[in-house]
There are 2 protein chains.
Amino acid sequence: MAKAAAKLKKIEREPLWDLAHVQLRDALLAGHFAPGRALPLRDLAESFGISITPVRDAITRLVAQGVLQQGPRNAAVVPTLTVRELRNLTIVRCELEGRAAREAAANADPKGLQALQAGLRTMQDMIERESLTRYLDVHREFHFGIYAMADIPVLLEMVENLWLRCGPVLSFVVPHYVLLRKGTDHHAAACDAIRRGDGAAAEAEIVADIEGAARYLESLADAHGIIQRSAVASVRPGGS
Amino acid sequence: MAKAAAKLKKIEREPLWDLAHVQLRDALLAGHFAPGRALPLRDLAESFGISITPVRDAITRLVAQGVLQQGPRNAAVVPTLTVRELRNLTIVRCELEGRAAREAAANADPKGLQALQAGLRTMQDMIERESLTRYLDVHREFHFGIYAMADIPVLLEMVENLWLRCGPVLSFVVPHYVLLRKGTDHHAAACDAIRRGDGAAAEAEIVADIEGAARYLESLADAHGIIQRSAVASVRPGGS
DNA sequence: CTCCGTTGTTTGTTATAACAAACAACAAGC
DNA sequence: GCTTGTTGTTTGTTATAACAAACAACGGAG
């Protein structure tokens, strides 16, 4: 009987290495780990309360995705973004996300458009109230609402990868950036263009949004220690 | 033989999971595994003569890269490419490889150009002699010679991922395709455009090359069982 | 003959232990 | 005082065993 019940209920038990992967990914995105920091397997395993095997699996996956890099001893380290790497990521992002916006304009559905506009209103509300704690989530949902409309899974997957790569840095700056009201107009314009079915305009707006944020981020490169000017970015043992 | 020697003697101390990863990747690219086939860990471990742990690592990495998919039981299966997926991959490939060609034209170096033309001549020789055994390697080197010229590591990495995804299918058809002399002119034209520094032309030629091959591949979809028309693509348990 | 339950096997998952290489620390020698 | 060799610790790698879920095969009941 227990067997029959189990067969009927369809228990879905998520593997531990998947949990570790999600937790690690979210912590990375939240900027919880400093760039260049090493992530020892046993420490993570202990903090998660599991063995090192699933942690190792999660790390392997993240390294394969380019979200983590591997240091000298094959140790996983959170990547340090140089200005050059940020520019390269921006180039690829514009190419891919621009194309996704173009495709989204081609086959936009009313339901998705409605969700987009709802997100737009929510974001504007949040800006007026200056309550930006959940802004990042809505912002992410808005962008990926557009990209999902393109209905090209490979493209969506790659854009997610790109967001993961520049995630911590972007998450740190977007709230500051958005208070200057520089991003919202692009968002609204992109949404309008998609509703009109104007693919070129949608692509242009998304590209402008991405490049604007990247420019702002780059201008802050020296102010905050978020991204490194040089590629070395190592801990100098000497000095004061 | 190299791997046997490496196994007997301790020449290189490359991790085992790296070896497993490379061997699996090459076998996939060579089309050694039928699409839809499951890859049990213990079988692979036995065939490699190692434990299942490094094999599992390699599989995890390949799944994270999208080179392998995971089936119902989290089992790794070699992905079956549907026509729709192939079209989506082609879209992203055109976007990314086209941009790479454009960037390559912007900062082309004489040494790389020389290597490109050498590859071009080798390919033409091979076509005339109809000895296409090593053609795929040269073809791959030619394309990635262009993409490496763009000097954008993230872009190069993503293009490599895309090639891996449609690898087996493409490897199977390219030799047939190239005997029709349909691809070489695009290659030569792209090379010329890069030398002239004409980014737009280089992009157009690469895009034409990719789309031409994709069209040809799609026309063969029904003839050979390479790609599936439908998404199911189940494994027939019946006779061999 | 067909349907269903039981059982044995397969297979992915996780934990643990043994191992090896690299870094840190400390002590001896010049 | 500085360098160097040795040792202890840290940390990634690999193998192995125990485990659980799913599939296949077999046998009994209707």
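Numbers restart at 1 for each chain; the letters A, B, ... are given by sequence-line order, proteins then strands. It should be emphasised that the depicted structure is a prediction, and the values quoted were computed from it without experimental measurement.
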Side chain of Asn74(A) only, please: which of dA15(C), dG12(D), dT14(D) is the nearest?
-> dG12(D)

Given dT14(C), dA15(D), dT13(D), the nucleotide with the shortest approach to the side chain of Trp17(B) | dT13(D)

Taking all atoms of both residues into account, what is the closest heavy-atom pair of Val77(A) and Leu68(A), and its distance?
-> O-CD2, 3.7 Å

When you measure from the side chain of Ile52(A), which nucleotide among dA15(D), dT13(C), dT16(C) comes out closest?
-> dT16(C)

Round to the nearest Å and state the distance from Asp57(A) atom CG to dA15(C) atom C1'.
-> 12 Å

Counting side-chain heavy atoms from C-beta on, which of dG12(D), dA15(D), dG12(C) comes nearest to Pro54(B)?
-> dA15(D)

Who are the salt bridge (charged side-chain N to carboxylate O under 4.0 Å, His left out) partners of Arg140(B), not counting sequence neighbours?
-> none

Going by an N to O cut-off under 4.0 Å, is there a salt bridge joining Glu85(B) and Arg165(B)?
-> no

If each of Arg42(A) and Pro15(A) is mapped to the nucleotide of DNA chain C with the nearest heavy atom, which maps nearer the 5' terminus, i.e. the 5' end?
-> Pro15(A)

Just how far, in rounded Å, is C1' of dT11(C) from CD1 of Ile59(B)?
-> 12 Å

Rounded to the nearest angstrom, tell me the gap between atom CG in Leu19(B) and atom P in dA15(D).
-> 11 Å

Whole Å only: how far is the CD atom of Gln70(B) from the P atom of dT11(C)?
-> 17 Å

If every non-hydrogen atom of Leu156(A) is compared with every non-hydrogen atom of Phe144(A), which pair is closest and at what distance?
-> CD1-CD2, 3.8 Å

Within this structure, what is the CG-to-P distance between Leu41(B) and dG12(C), rounded to whole angstrom?
-> 4 Å

Between Thr53(A) and Arg73(A), the residue closer to the 5' end of DNA chain D by nearest nucleotide is Arg73(A)

Round to a whole Å and report the spacing from CD of Glu14(B) to P of dA21(C).
-> 15 Å

Atom CD of Glu46(A): over 12 foreign heavy atoms under 6.0 Å | no

Grab the CG-P distance between Leu16(A) and dA21(D) for me, whole Å please.
-> 13 Å

How long is the line joining CD1 of Ile50(A) and C1' of dA15(C), in whole Å?
-> 11 Å

